[in-house]
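The next block holds one structure in the form of structure tokens; read it before the comments.
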Amino acid sequence: MENMIKRIAFGDMDAVYRFSEEGHVSFTIVPKESQKLNFEKGKVDPLVQISCTGDSSCPGFAAGETRHDSGLTMSMKYISQTETVFEGKKVVTTIVENPYGIRAEHIVKGTDDCRGMSIFTRVINQSTDNIMLEALSSFCISEITPYANNEAVNRLLMHRFRSRWSAEGRHEVRAIEDLMLETSWSSFGVRCEKFGAIGSMPVRGFFPFLAIEDTDAGVVWGVTNACSSSWQIETVRIDSNLCISGGLADYEYGHWRKELKPGDDFMTPKAFITVSSHGLDEVCNRLLDCQKKYIGKAANKMKTLPAVFNEYCTTWGEPSEEKITEILSVVNGNDFDYFVIDAGWYADSIKGWQDNMGDWRVARDLFPNGMKPVVDKINSAGMKAGIWFELEVVGKDADAVNEESHLLTRDGKVIISGTRRFWDMRSKWVNDYLTNKVINFLIENRFEYIKIDYNDTIGIGCDGAESPGEGLRQSVEATKSFFRKIRECCPDIAIEICASGGHRLEPGFMELADYLSFSDAHEEKEIPVIAADLHRLVLPSKSQIWAVIRKTDELKRIVYSICAGLYGVLCISGDVSELSDEQWELVRRGVFFYKKVSEVIANGVTKKYGPFQKSNRLLKEYQATVRYGENGSALVIVHSFACDGAQEITVPLNGRYYILDQYETGQHNIEIIDSNILFRFEDSFDAVAVLIKKV
């Protein structure tokens, strides 16, 4: 198979394989309608990027920066390609191998109606020697862009999303030229932009997402990396074509090595890929479609999205039977589905609760009758009971801190991050311990919801494997296995995954969760900005958003908070027992409105309007979104920010609509004229939500 191009259909996309005379094979994707493409303007960039200890780096000053096109990669030659269809799923497996018996399977999966594909690599050591992997790609998409006959100067943009604590999902777009990814005058000197996350918080710094846009062709390639430990994504350029690859963070970036003995194999984490000629938002929606089939069983049983009450921002870590009983007398009968008891239920009367995780003993001074009577009260109030755990960690004040033989170490020393140590989740002892402390506790007390938090990171990795990075990968995979065990033992339980807010908002953890904490910006004014940004990265039906209500809140502030909660799964907290009748009635109306629009929140596409907010802490003017549902309904949410005087805001619609219902306080002169909906805001930091229906 020499100098050949092969296109294989996946839904409305084509997977394109290019074969060279030297036996190399590359991989890319294009929209199916694409014709007259130039796939032969640069060299064939191998579809599997792999490197081992002792391997040579690519010429062009690549050592220490990238393993792309390493000596081992370039020694892998095409063996075969198979295309199979089973139960409606198409699988294309491309096999490459080097002369010494190192074999790699590049596997792409999709369906005839797919909008995105999953992709991963499996390596088999068929040689007679041990090999030490130091880099291995889950995906490698090259031939960007086949719509240009040259280097595509001034037409390629890179999109990615940055993330910090309480500031998740900030969109960043940079021109390829700004990142110095142009080729040199002699096409010598590797150009590489590498980014990722190191540690056990995979969304710390960046989301595992990348998109490349050809602005002239109007085509966008997108990928999201389903890697729950240290990961990397690279944009590499050696000649006129651009390449994006990624997967586990390699040895130089993420301290990862993996030994394969003769006969051993290793499979990378999967990634999801897509391409579209309809813009970045469409690419994000297509990647989110890849996640929809993984929505948890408990969530699927509910006809509408649940309304959650979490008492954390009410008691701030000091829950008790007495306080919960008081809260229940207020929230009872107001359409809440879950009542979650958050951190502090295990507090020691002397040590407190913040550094006491790990022993998981019910605090008898707070819950003198144990948990069962409290769960019964929650159930009697028409809600399902939930409980908080940070099950992977051990606080410095816990008795369990003395179980050092079962804690993660690095270089023989217990890993300490802040005030936390970490269980070795690979250990049978730890698994048995947590089965008793967590799973048996859930079953015995009839909890139907668990919030699993995680509030620090182990850093580069741990002992117990060939490298710190591999120890980290194994430990995180063991954590995910325990999450699956919770589901197996408690099949009807709802699982919320939290990591200081949004540090685990990646597909690998998303698959295991019914709901994910969107952020720790509990009651900040930037909540609607973060929540709307996350529509590109997290299914709104899983994104749980705080709406914290204070007794000092003006009515417009209550609406502002609840309208922010309409960007996902609404989670109420705050001073509910101290609200005036007028304040509480506005909260109740908000919850009822949320239930009415939950189908649109769960199943729709979002269009966002308003100026880019350069500062989350100093918001200006406004933000508006339209969430278009599947049956002609749409949800319009508008937040006003700091402004001088009144704001007249016009939001375009995709047709003619009429108003079904609205949630507001005061008057905003809402009207629909032709294909626009108009609002007037007299004040800063106000909000309104409107349910509309297509004519």
Below 4.0 angstrom, N of the basic side chain to O of the carboxylate: do [X] and [Y] qualify?
X      : Y      : value
Arg487 : Asp514 : yes
Arg421 : Asp355 : no
Asp289 : Lys292 : yes
Asp55  : Arg67  : no
Arg162 : Glu172 : yes
Arg504 : Glu392 : yes
Asp359 : Arg361 : yes
Arg420 : Glu390 : yes

Applying salt bridge (charged side-chain N to carboxylate O under 4.0 Å, His left out), name anything that partners [X], two or more places apart in sequence or on another chain.
X      : answer
Glu168 : none
Arg170 : none
Arg536 : Asp281
Glu403 : none

Where [X] and [Y] come nearest, the two heavy atoms and their spacing:
X      : Y      : answer
Ser127 : Tyr100 : CB-O, 2.9 Å
Cys52  : Leu72  : SG-CD2, 3.4 Å
Cys192 : Glu65  : O-OE2, 3.3 Å
Gly471 : Ala465 : N-CB, 3.5 Å
Ile530 : Ala521 : CD1-CB, 4.1 Å

Examine the side chains of [X] and [Y] and answer whether a donor and an acceptor come within less than 3.5 Å of each other.
X      : Y      : answer
Asp342 : Asn310 : yes
Thr435 : Lys485 : yes
Ser349 : Asp365 : no
Glu134 : Thr53  : yes

*Could you grab the distance from atom OG of Ser138 to atom CD of Gln49, nearest 0.5 Å is fine?*
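Taking OG in Ser138 and CD in Gln49, the distance rounds to 12.0 Å.
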*Pairs touching residues 223-238 that satisfy side chain to side chain donor-acceptor pair (under 3.5 Å), sequence neighbours left out*: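 Listed by first then second residue: Thr66-Glu234, Lys194-Glu234, Ser228-Lys480, Ser228-Glu506, Gln232-Asp250.
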*Using the ring-ring contact (aromatic ring centres under 6.0 Å, His included) rule, collect all pairs that involve residues 242-264, keeping only residues at least two apart or in two chains.*
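As it turns out, the ring-ring contact (aromatic ring centres under 6.0 Å, His included) pairs with a partner in residues 242-264, which skip direct neighbours, are Trp256-Phe266.
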_Partners passing side chain to side chain donor-acceptor pair (under 3.5 Å) against Thr73 (at least two apart in sequence or in another chain)_ = Ser70
*Glu318: what forms a side chain to side chain donor-acceptor pair (under 3.5 Å) with it, not counting sequence neighbours?*
none
*For Asp45 and His24, what are the C-alpha separation, side-chain angles and deciding distance, and is it a side-chain contact (heavy atoms from CB on, under 4.5 Å)?*
CA-CA 7 Å; Asp45 210 356; His24 297 140; over 6 Å; no
_With sequence neighbours excluded, residues passing ring pair (Phe, Tyr, Trp, His ring centres under 6.0 Å) with His171_ =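 Expected list: His159, Phe161.
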_Pairing residues for Tyr449 by the ring pair (Phe, Tyr, Trp, His ring centres under 6.0 Å) criterion, not counting sequence neighbours_ =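 Testing Tyr449 for ring pair (Phe, Tyr, Trp, His ring centres under 6.0 Å), a comparison that skips the adjacent residues, returns Tyr338.
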*asked:* Run the side-chain contact (heavy atoms from CB on, under 4.5 Å) test against Pro262 and tell me which residues pass, sequence neighbours left out.
replied: Asn125, Asn130
_Trace of the side-chain contact (heavy atoms from CB on, under 4.5 Å) decision for Glu259 with Ile131_ = CA-CA 6 Å; Glu259 184 177 42; Ile131 62 171; over 6 Å; no
_Over-ring placement of Arg160 relative to Phe195, 6.0 Å and 45° cut-offs_ =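 Output yes; distance and angle both within limits.
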Compare all side-chain heavy atoms of [X] with those of [Y] and state whether any distance is below 4.5 angstrom.
X      : Y      : result
Ile79  : Arg103 : yes
Val96  : His106 : no
Val538 : Met510 : yes
Thr94  : Tyr78  : yes
Leu133 : Ile50  : yes
Lys451 : Phe389 : no
Ile497 : Phe483 : yes
Phe27  : Cys140 : no

*Evaluation steps, side-chain contact (heavy atoms from CB on, under 4.5 Å), between Trp423 and Thr479*: CA-CA 10 Å; Trp423 288 123; Thr479 290; over 6 Å; no
*Where do Lys258 and Asp264 land on the salt bridge (Lys or Arg N to Asp or Glu O under 4.0 Å) test, with the steps shown first?*
CA-CA 11 Å; Lys258 175 69 177 178; Asp264 286 352; over 6 Å; no
*Take Glu511 and Lys270 through the test salt bridge (Lys or Arg N to Asp or Glu O under 4.0 Å) and record every step on the way to the result.*
CA-CA 12 Å; Glu511 292 180 12; Lys270 65 188 171 187; 2.9 Å; yes
_Applying salt bridge (Lys or Arg N to Asp or Glu O under 4.0 Å) as the test, list every pair that has at least one member in residues 453-463; sequence neighbours left out._
none
*Spell out, as yes or no, whether a donor-acceptor pair under 3.5 Å connects the side chain of Ser163 to the backbone of Phe206.*
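No; zero donor-acceptor contacts below 3.5 Å.
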*Tell me whether the centres of the aromatic rings in Trp360 and Trp345 are closer together than 6.0 Å.*
yes
*Show your reasoning for whether side-chain contact (heavy atoms from CB on, under 4.5 Å) applies to Leu408 and Ser475.*
CA-CA 9 Å; Leu408 289 179; Ser475 181; 3.7 Å; yes
*More than 12 non-hydrogen atoms from neighbouring residues, nucleotides or ligands closer than 6.0 Å to CZ on Arg484, yes or no?*
yes
_Which label fits Trp429 and Tyr433: parallel for a plane angle under 30°, tilted from 30 to 60°, or perpendicular past 60°?_
parallel
_Passing candidate, side chain to side chain contact (heavy atoms under 4.5 Å, CB included) with Ile198, options Ile460, Thr457, Leu472_ =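 Going through Ile460, Thr457, Leu472 one by one, the side chain to side chain contact (heavy atoms under 4.5 Å, CB included) with Ile198 is satisfied by Ile460 alone.
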*I would like to know whether Phe447 and Phe441 meet ring-ring contact (aromatic ring centres under 6.0 Å, His included); could you show each step before the answer?*
CA-CA 8 Å; Phe447 281 104; Phe441 178 85; 5.7 Å; yes
